[in-house]
**Student:** 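Structure in structure tokens, see below.
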Amino acid sequence: MAVRTTSDIMHVPFASLAHLHQDVAADLDRAWRDVLNESAFIGGPWVERFERDWAAYCGVGHAVGVANGTDAIEIILRALGIGRGDEVILPANTFIATAEAIILAGAEPRFVDVDPETLLVTPDAIREAIGPKTSAIIAVPLYGNMPSMREITELASSRGLVVIEDAAQAHGSTWDGASAGSFGVAGSFSFYPGKNLGALGDAGAIVTNDERLADRARTLANHGRPAGSHHSHELQGRNSRLDSIQAAFLSAKLPRLDSWNEARRAVVARYTQLLDPEVGRQVRVDERAVSSYHLFVIQVSDRDDLRRGLAELGIETGVHYPVPCHLNEPYRQFAGDRLPVTERASEEVLSLPLFPHMRPRQVEYVAGWLNELVVGRGIRGS
Ligand SMILES: *Cc1c(COP(=O)(O)O)cnc(C)c1O
């Protein structure tokens, strides 16, 4: 490889929130001033407005703002009466929060393996894992890529089980034209700042078509108080509310979500054109799905060496996730059999830089160096 000088090095961040916020800075300023003028910080018009708009965006009847995406899952489970003695099936290839929420609700996680091409949960794996204690399935559109949602919901209803979608990475993803979060009995979202739609702090939401479930979730998240009541605590609840200021920021950003997702898809399309197929296997996206591309994941050998090589060239990458959920110490007690696909994926997955404002020359630089480092046919090789 040719000798490199520092002037050749281009810094490519893994993601950039600063660019994104420049797009909406004026709207965020206005949102902040509106909330300050009104000085209603919990509940009130901004929360109601965002809940209405987010439900409409997802094509469902109701959205309930909560404090974060983990609480959203836990509150859905509690609102459904799922807890002690129940088992909840989830893919082992997910962020730890999916398992965490099941345990917080008092139930037991039952980890299943994923498809080797999509790295997503499959109806077959779920079918095999269903047992006498199973009461729910959490499907996860990881990286923004949708699993076979229709088959999963059909399987669940044929067995008398409910499906919950942990759509924390899938704002704006669709399957057969229907939105992430709208398939099961309820869906959960996180608006952690780095998600495709992010607050300026922690935030989350529950979406559902079931009005009673929405009411129950709202009551649980507000100290067990049903709507309109201040001193009557009908359920043993907790505090997990969406702040008005975060709701106002989210409303300011929501109109841009589709164009930001489009920009992510354009970056992925360019990567796909440029990357030599021998660099690694791209995680497959089903033809029926449109991905939000929260992450763009390839599977490579010698992943950690490659990451170091890319870092020396100024290229930041991520790994989602280096330790599968079931192999983290506190969760090993729930790990049944080995889950070979998830376990191998944890050694091979590499998330490439991806954000809506990524410049074409940054994509070319990353793809060029990947081709060079792995296949010897890149920037310097041609
Ligand atoms: C981010 C994330 C969560 C948790 O969201 P928080 O808002 O951080 O609690 C849950 N599940 C998945 C798949 C996530 O990516």
Side-chain angles (χ1 to χ4, degrees), residues 14-15 17 50 54 63-78 88-105 107 109 111-112 114 118-121 136-147 149 152 163-173 180-181 183-184 186-207 217 221 238-243 246-247 249-250 253 261 264 283 291-297 318-326 328 331 342 345-346 349 351 354-355:
F14 180 63
L17 287 179
F50 178 69
W54 187 244
V64 179
V66 293
N68 58 65
T70 311
D71 282 5
I73 306 169
E74 183 195 341
I75 291 168
I76 293 168
L77 290 168
R78 286 188 187 277
V88 179
I89 293 173
L90 78 162
N93 192 35
T94 181
F95 179 55
I96 201 78
T98 322
E100 217 173 30
I102 293 168
I103 294 165
L104 285 167
F111 295 105
V112 299
V114 292
T118 63
L119 302 185
L120 301 174
V121 67
I137 294 147
I138 302 187
V140 186
L142 199 69
Y143 321 132
N145 302 347
M146 299 288 280
M149 284 316 300
I152 290 173
V163 175
I164 296 158
E165 246 183 302
D166 174 359
Q169 301 190 0
H171 313 72
S173 299
F183 285 90
S188 61
F189 286 92
S190 164
F191 304 112
Y192 174 83
K195 308 287 185 184
N196 288 36
L197 179 65
L200 308 187
D202 277 314
I206 294 164
V207 295
R238 43 96 68 77
N239 176 0
S240 179
R241 296 176 297 223
L242 171 63
D243 288 338
Q246 298 301 348
F249 289 146
L250 287 165
K253 291 173 79 175
N261 280 349
R264 287 174 180 273
V283 166
S291 179
S292 67
Y293 283 114
H294 177 59
L295 296 168
F296 179 56
V297 175
V319 173
H320 302 87
Y321 295 92
V323 181
C325 285
H326 64 293
N328 282 279
Y331 299 88
T342 300
S346 70
V349 286
S351 305
L354 172 60
F355 47 97

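Ligands are counted one by one from 1 in listed order, and the atoms in each one are counted from 1 as well.
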**Student:** What atoms of ligand 1 come closer than 4.0 angstrom to any heavy atom of Ala97?
**Tutor:**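 Those atoms are 3 (C), 4 (C), 10 (C).
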
**Student:** Could you tell me which atoms of ligand 1, counted from 1 in the order shown, lie closer than 4.0 angstrom to a heavy atom of Asn68?
**Tutor:**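 The atoms of ligand 1 under 4.0 Å from a heavy atom of Asn68 are 7 (O), 9 (O).
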
**Student:** Which of the numbered atoms in ligand 1 are below 4.0 angstrom from a heavy atom of Ala168?
**Tutor:** 2 (C), 3 (C), 10 (C), 11 (N), 12 (C), 14 (C), 15 (O)

**Student:** When you measure from the heavy atoms of His294 to every atom of ligand 1, does any distance fall below 4.0 Å?
**Tutor:**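 Heavy atoms of His294 never come under 4.0 Å of ligand 1.
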
**Student:** Is the ring centre of His320 less than 6.0 Å from the ring centre of Tyr143?
**Tutor:**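 No: the rings miss the under 6.0 Å criterion.
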
**Student:** Quick one: nearest non-hydrogen protein atom to atom 7 (O) of ligand 1, plus distance?
**Tutor:**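 Looking at atom 7 (O) of ligand 1, the protein heavy atom closest to it is Ser190 OG, 2.6 Å.
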
**Student:** Would you name the heavy atoms of Val114 and Pro91 that are closest together and state the gap between them?
**Tutor:**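 Closest approach of Val114 to Pro91, heavy atoms only: CG1-CB, 3.9 Å.
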
**Student:** Students should be able to answer this: which protein heavy-atom is nearest to atom 13 (C) of ligand 1, and at what distance?
**Tutor:**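 The protein heavy atom lying closest is Asp166 OD2, 3.5 Å.
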
**Student:** Taking Gly198's backbone N and O only, do any of them form a donor-acceptor pair with Lys253's side chain (distance below 3.5 Å, no angle check)?
**Tutor:** yes

**Student:** For the aromatic rings, using the six-membered ring if either is Trp, is the centroid distance between Phe191 and Phe50 under 6.0 Å?
**Tutor:**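 Between Phe191 and Phe50, the centre distance is under 6.0 Å.
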
**Student:** Please work out which of the three classes, parallel, tilted or perpendicular, describes the rings of Phe296 and Tyr293, given edges at 30° and 60°.
**Tutor:**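 Ring orientation of Tyr293 relative to Phe296: perpendicular.
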
**Student:** Using a 4.0 Å heavy-atom cut-off, say whether Thr70 meets ligand 1 through its side chain, its backbone, both or neither.
**Tutor:**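 Within the 4.0 Å criterion, Thr70 contacts ligand 1 through backbone and side-chain atoms alike.
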
**Student:** Out of Gln169, Glu100, Lys195, whose heavy atom is nearest to atom 2 (C) of ligand 1?
**Tutor:** Lys195

